Amino acid sequence: MKNFVEELKWRGMLHDMTPGTEAQLNKEMTAGYIGFDPTASSLHIGNLATIMLLVHLQRTGHKPFALVGGATGMIGDPSGKSEERKFLDEEVLKHNQTCIKKQLEKFLDFDSGANSAEMVNNYDWFKEIGFLQFLREVGKHLTINYMISKDSVQKRLETGISFTEFSYQLLQGYDFYWLYKNKNIKLQMGGSDQWGNITTGTELIRRKESGEAFALTTPLLTRSDGQKFGKSEGGNVWLDANMTSPYKFYQFWLNVADDDLPKLLRVFTLWDRETIEAFDKEADKNKVKRELAKDLTTRIHSESDYQQALKASELLFKGTLADFNATEERILNEIFEGVPQIEISQSEYKNTSSIVDFLSVVTQNQIFTSKGEARRMLKEGGVSINKEKVSEATSMQFEFLKGKYLLVQKGKKNYFWVKIG
RNA sequence: GGGGAGAUUCCAGAGCGGCCAAAUGGGACGGACUGUAAAUCCGUUGUUGUAAUGACUUCGAAGGUUCGAAUCCUUCUCUCCCCA
């Protein structure tokens, strides 16, 4: 059996841990948990990095718990946030919890004997606790001085922080305490921004129970240019196929920076050290990215989703018009499932007077939100139809692929599959 | 309760009666170069277009003053700071 801490170390996934953590893990099978707040209906690849901690924990023989923050999600974690957030309403939270739970189930083994994964929701123990009880049980044990010294709070002192968000660490601390007492969980993990919240928990456990609990964090993923990792084209990369299609997801990994590759391979794949180090030396970086993208798309989505994403990518980026025409229509529609599709009618097409109208209003502003934008982009040479650059003067005489499709390209990487029928 | 500062285009942040659709920076988007990379360079970044020193809508909200307001006045809403 591999050693958990060693495994994290060589993967560069260990940011910090409390003294004695390693000894505890070596001593016995240890239960550890990570919390996920239901702030959205899907987890994103930033969460995936911490999920991997749980995966490794289980693979090295320990027992992973995934906590869904039904209660903490109602409060809002001030960590890393520069301002107070709006509450999500309960309906949305409920929905998000269900969705996230489903996603988490994909990554962990819930049927592996003693170290089977388990899922808990902190709403289950918070719903019964009253304010007075909470103050007596939790508040009494921690000083304001201690709470204020936390980084997440310090950063907000200037701009303002509500009592509610200030209290967040108490809730998370109580989670840890509750899990320690009731589930024998001795370790809490998370991103490095969670250190303060986690240690509030170990502190609470120490003071209330004289117990020893441990904290372990992983570095927050950043891109080589210092930016937050996991954003793409203005949005998060979600694990939910309805929010980020497998094609987009696959493309995201294909487009990561070369310099980030070593880090990404270590954090997101389960490949062993030799394999990864061999990839480090590989000169053809795109080949490595294809492997990375394949591994992740297959694991997060499925083998067939990967196959489709791959086919779509090859056809869009490398295919010729002949390739399009040679592919069965049914197959085309299938593999372009993740590519934005737009449908317009014959008459709409016929009545389109200019290419500017076509790219904006006729295609329901899905390609360009305004005529001005379309015009601008045309001028800049950023639009192709059926792989040919077009300009504002180009007339609407296009040859349809398979008799009824047009392939519109905005920039190099944004494709639209327009059906006229 | 008293005193002060502020709300500007995606964000930060200038402008403080006409030259303001609004500086600058960031972001975003496009182009060139490449490898569907990074870096770099160039361009775009309210809508509309008879492309024009054009029209229209924008500078927290509503009114007002003025030939003319993001800029002045009144009321309102919100935010922050200091004192109690």
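The sequence lines fix the lettering, A, B, ..., with proteins before strands; numbering per chain opens at 1. Values below: all heavy atoms of this structure, side chains included; hydrogens, waters and symmetry mates excluded. Only a predicted model underlies this, so the values are computations on that prediction, with no experimental measurement involved.
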Undergrad: Suppose we define a pair by two distances each less than 3.5 Å, Watson-Crick or G-U wobble; what does B/G43 pair with here?
TA: B/C29
Undergrad: On a plain distance test, is the side chain of A/Q251 in donor-acceptor contact with the base of B/U36 below 3.5 Å?
TA: yes
Undergrad: Name all residues meeting the ring pair (Phe, Tyr, Trp, His ring centres under 6.0 Å) criterion together with A/Y415; count only those two or more places apart in sequence or in a different chain, and write none if there are none.
TA: A/F317
Undergrad: For B/C78, give the paired nucleotide (Watson-Crick: N1-N3 plus N6-O4 or O6-N4; G-U: N1-O2 and O6-N3; both under 3.5 Å), or none.
TA: B/G6
Undergrad: Would you please name every residue forming a salt bridge (charged side-chain N to carboxylate O under 4.0 Å, His left out) with A/R206, sequence neighbours left out?
TA: A/E203
Undergrad: Can you check the A/K379 NZ to B/G43 P distance for me, whole Å?
TA: 14 Å
Undergrad: B/G30, OP1 or OP2 - any side-chain N/O from A/N414 closer than 4.0 Å?
TA: yes
Undergrad: What distance, rounded to whole Å, do you find between the two C1' atoms, one in B/C82 and one in B/C73?
TA: 28 Å
Undergrad: Have a look at A/V256 and say if it touches a base, only the backbone sugar-phosphate, or nothing, with a 4.0 Å heavy-atom cut-off.
TA: sugar-phosphate
Undergrad: How many Å lie between CG on A/N365 and P on B/U47, as a whole number?
TA: 11 Å
Undergrad: Sticking with atom P, work out how far B/U45 lies from B/C20, rounded to a whole angstrom.
TA: 16 Å
Undergrad: Rounding to a whole Å, what distance do you find between A/D259:CG and B/A37:C1'?
TA: 9 Å
Undergrad: Can you see if the side chain of A/K389 gets near the phosphate of B/G30 - specifically, an N or O under 4.0 Å from OP1 or OP2?
TA: no
Undergrad: In terms of side-chain heavy atoms of A/K371, which of B/G49, B/G43, B/A37 is nearest?
TA: B/G49
Undergrad: Taking B/A22 as the reference, what is the distance to B/U9 when you measure between their P atoms (whole Å, please)?
TA: 15 Å
Undergrad: Toward the 5' end of RNA chain B, which comes first, A/K318 or A/G382, by nearest nucleotide?
TA: A/G382
Undergrad: How are the rings of A/W253 and A/F268 set to each other: parallel, tilted or perpendicular (split at 30° and 60°)?
TA: perpendicular
Undergrad: Does A/M377 or A/K285 map to a spot on RNA chain B nearer the 5' end, using the closest nucleotide for each?
TA: A/M377
Undergrad: For A/D284 and B/U36, what is the distance between atoms CG and P respectively, to the nearest whole Å?
TA: 11 Å
Undergrad: Strictly by Watson-Crick or wobble contacts shorter than 3.5 Å, is anything paired with B/G1, and which nucleotide is it?
TA: B/C83
Undergrad: With rounding to whole Å, what would you report as the distance between B/G4 and B/C11 at their P atoms?
TA: 30 Å
Undergrad: Output the rounded distance in Å from NZ (A/K289) to P (B/U36).
TA: 10 Å
Undergrad: Watson-Crick or G-U wobble partner for B/G35, using a 3.5 Å limit on both distances?
TA: none
Undergrad: How about A/F249 and A/H301: are their ring centroids closer than 6.0 Å?
TA: yes
Undergrad: Is a salt bridge present between A/R266 and A/D280, judged by a nitrogen-to-oxygen distance below 4.0 Å?
TA: yes
Undergrad: OP1, OP2 of B/G46 versus side-chain N and O of A/S370: anything below 4.0 Å?
TA: no
Undergrad: Quick one: label A/K412 by what it contacts on the DNA or RNA (base, sugar-phosphate, nothing), any heavy atom closer than 4.0 Å.
TA: base
Undergrad: Between B/C80 and B/G31, how far apart are the two P atoms, rounded to whole Å?
TA: 43 Å
Undergrad: Mind checking the C1' distance from B/U57 to B/A32? Whole angstroms is fine.
TA: 36 Å
Undergrad: With both distances under 3.5 Å as the test, what is the Watson-Crick or G-U wobble partner of B/U65?
TA: none
Undergrad: Provide the distance between the two P atoms, one in B/A70 and one in B/A62, to the nearest whole Å.
TA: 13 Å
Undergrad: Within the structure, does a side-chain N or O atom of A/R376 lie under 4.0 Å from either OP1 or OP2 of B/U47?
TA: yes
Undergrad: On the 0 to 90° scale, with breaks at 30° and 60°, tag the A/F400-A/Y349 ring pair as parallel, tilted or perpendicular.
TA: perpendicular
Undergrad: May I ask which nucleotide in the shown strands pairs with B/A51, Watson-Crick or G-U wobble, both distances under 3.5 Å?
TA: none
Undergrad: In whole Å, I'd like the distance from the CZ atom of A/F368 to the P atom of B/U47.
TA: 12 Å
